[in-house]
*Asks:* 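Dumping the structure here so I can ask a few things about it.
This structure is a prediction, so every number in the text was calculated from the model and none was measured. Counting starts at 1 for both ligands and their atoms, in listed order. Along the sequence shown, residues carry numbers from 1.
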Amino acid sequence: MTELVNLTHARDVAIVTIDNPPVNALSPGVPERIQSSIDSASKDPQVSAIVVIGAGSTFIAGADIHEFGKMTSGEKPRRTLLPILLAIEDSPKPVVMAIHGQAFGGGLEVAMAGHYRVLAPSTQIGQPEVKLGLIPGAAGSQRLPRLAGVAKAVEMCAFGEPVRAQEALALGIADRIIEGDLLSGAVAFAREVANRPAPKTRDRNEKLANTDPALFTAARDLAHKTRRGQPAPLAAIEAVEASTKLSFEEGCAFEARLFGECLFSTQSKALIHAFFGERTVNKIPDIPKGTPVYEIRRAAVIGAGTMGGGIAMNYANAGIPVIVKETAQDALDRGIATIRRNYANSVQKGRYTQAWMDERMALITPQLSYDGFDQADIIVEAAFEGMALKKQIFSEIDAIAKPACILASNTSTLDIDEIASATQRPQMVIGHHFFSPANVMRLLEVVRGKATGKDVIATSMALGKRLRKVAVFAGNCRGFIGNRMLGPYRREAEFLLEEGASVEEVNQAIYDFGFAMGPLAVFDLAGLDVGWRIRKEFKHFEKPGVRAPRISDRLCELGHFGQKTGRGYSRYDENRRPLPDPETAALIEQVAREAGIKRRAIGKDEIIDRCIFALVNEGAKLLGEGIALRTVDIDIVYLNGYGFPAWRGGPMFYADTVGLEKVLARIEEFEARHGSDLWSPAPLLKQLANEGRTFANYE
Ligand code: 3H9
């Protein structure tokens, strides 16, 4: 336990050091002690100026996010930072905020209450509260426009992206960038300004004048487009707009009201669940911290298709040299050309420099042979989804790879144990299920076989972080977490078509729920042939007499594979815009007729409940079977791999917000209508609903 805040002196300059690991969050006691330290330094006649600095790797990461849950549950009263920040700003001696790492949220709000800000060159500053469904709650929306100007303040508060030190300096948020030792630079700066009148941010109104109201309209339009369904970005715009119309005090009161509304919203709880969830998934109960890991210095990928190419890019992006192997020159050339095109697009958009791209390309070695595979620390197989092929590849690489090489399969559905059985080292075999496009999607499912070594799992989870993925651990079953749940979701989307909903109605209902795309639009994008191939592989698992979706297979038989062939559930124009396809509609009616299904009008609520509760029910089965460790693992899979709206917190969090009793009642209704083979409620869901519990408190 540290003191949270320490006061020391460098001759005439007082140094207030915040020491609340790991990120100096403003937990109870921290803001109070910052202020009392500044206060006592102000009263000390030996002190001419005060420097506030963070210990460890960052200045202040913001309010302590754990506290929000305690406040909304009534466990703790709502605290307010505002008076503390006013007192800091009123200090008669200049307060210099010395910032490194991040000054985020409440951290930036503290920084802006100081009279000056000096930054280490790699610092990031921002108001990311909207990412938690919140807005700045301690005058950030009022002080930031006074420093950065209204347009930039709107952008930072409404969209949450940070700015780097150089931009902060140019904007006027920072006063100087300190190269070299931050503390000594800050102390020297403090001496320079010691005898000048200290400028209070709240009195600096010059940048508020003559604000063009069109900028708020433009920001709202952008928020509607890019933050669909989320009130926090709109509230943030409103709060910054208030800074241009109200006094500082009135603006703060207005901000506080909006902050309170956001704080108590379900969206904020969902987004906070997602924030902590992303950090929780890395913790696996039987793989303790400190489990030995293999060093990954060289990688090899088998397959230069969409998946293989994307996976290779992840390794190159992390600075790891990677071999990409194909079986035919033309496939290899196509794969490398796609990688080059992807990088070139990023360069064109200004995300990377040409030099950066050249370095990445130089890390990728395309080849047709296994040369160099004996040097690899990890080999990732990304061949077509077929057990026979995968087993053949694994027996080949087993013969070449060094003993300490991890053998990973990018399979999305197949049994890791059976794949491992083709090798003499099942303890080194693991699933690394990437999501398409693998260079973009953040999710990585790490799948444990029954023999997979703990060191191999620990290495995979650490590697996930290095590859900038959110790695989620899953047990071995058909489809693991994500695709096993996707099965019933897809099934219901297709059944709804057979029963009378149109392709457009199903897509629209799920889009309106908040998904980036409707299910049928996603399947068209991914390629219907992918699922077709997998279903053929698993034909023997189909239960005779149980209704199975047929439309996708029928479309594939016609060569309608989705966007890539211009036709799937929808038709696509030359700009890949979907259009209704009357022939598909006729085919659906025919399939329904053949199956003896009487078609009817289907409402939006039924579409949502059938698709989403199909996910929830399967998720609950996965939990009960121990395939998923925690509900949050399921939620994080769906948020990062399947476009589930983050502000709904994931399928399991969403089910809790609906109420498990209601969810169960609806599932039982579907069971009565469609049969137990399709809709038997998960035992865990039944148990929790009957006990009046939630998935959250199951953990
Ligand atoms: C706010 O400030 C509202 C205000 O307007 C005031 C209202 C009155 N609180 O991410 P990492 C934990 S809202 C509590 O893995 P990195 C995190 O859970 C807040 N805990 O490290 C993890 O714990 P564990 C606005 C926090 O180096 C550990 O710290 N601020 C907080 O990859 C390490 O985190 C934000 O939204 C927190 N604020 O990244 C910033 N932050 O080890 C949120 C982190 O037990 N934070 N933890 O799993 C971040 O963006 C990143 O954590 C940061 C470091 C970039 C700072």
*Asks:* Just one of I378, I406, T291, V293 clears the side-chain contact (heavy atoms from CB on, under 4.5 Å) bar with V456, so which one?
*Replies:* I406
*Asks:* Classify the angle between the aromatic ring planes of F276 and H66 as parallel (below 30°), tilted (30 to 60°) or perpendicular (above 60°).
*Replies:* parallel
*Asks:* In plain terms, say whether E255 and R143 are close enough for a salt bridge, that is, a side-chain N and a carboxylate O under 4.0 Å apart.
*Replies:* no
*Asks:* Report yes or no: is the cationic atom of R360 (NZ for Lys, CZ for Arg) closer than 6.0 Å to the six-membered ring centre of Y343, at no more than 45° off its axis?
*Replies:* no
*Asks:* Residue by residue, ordered by chain and number, which ones reach under 4.0 Å of ligand 1 with a heavy atom?
*Replies:* P22, V23, A25, A61, G62, A63, D64, I65, H66, F68, Q102, F104, G105, G106, E109, P128, E129, L132, P136, G137, F259, F275, F276, R279, K283
*Asks:* Is R257 close enough and on-axis enough to F259, meaning under 6.0 Å and within 45°, for cation-pi?
*Replies:* no
*Asks:* Tell me whether the rings of F434 and H432 are parallel (<30°), tilted (30 to 60°) or perpendicular (>60°).
*Replies:* perpendicular
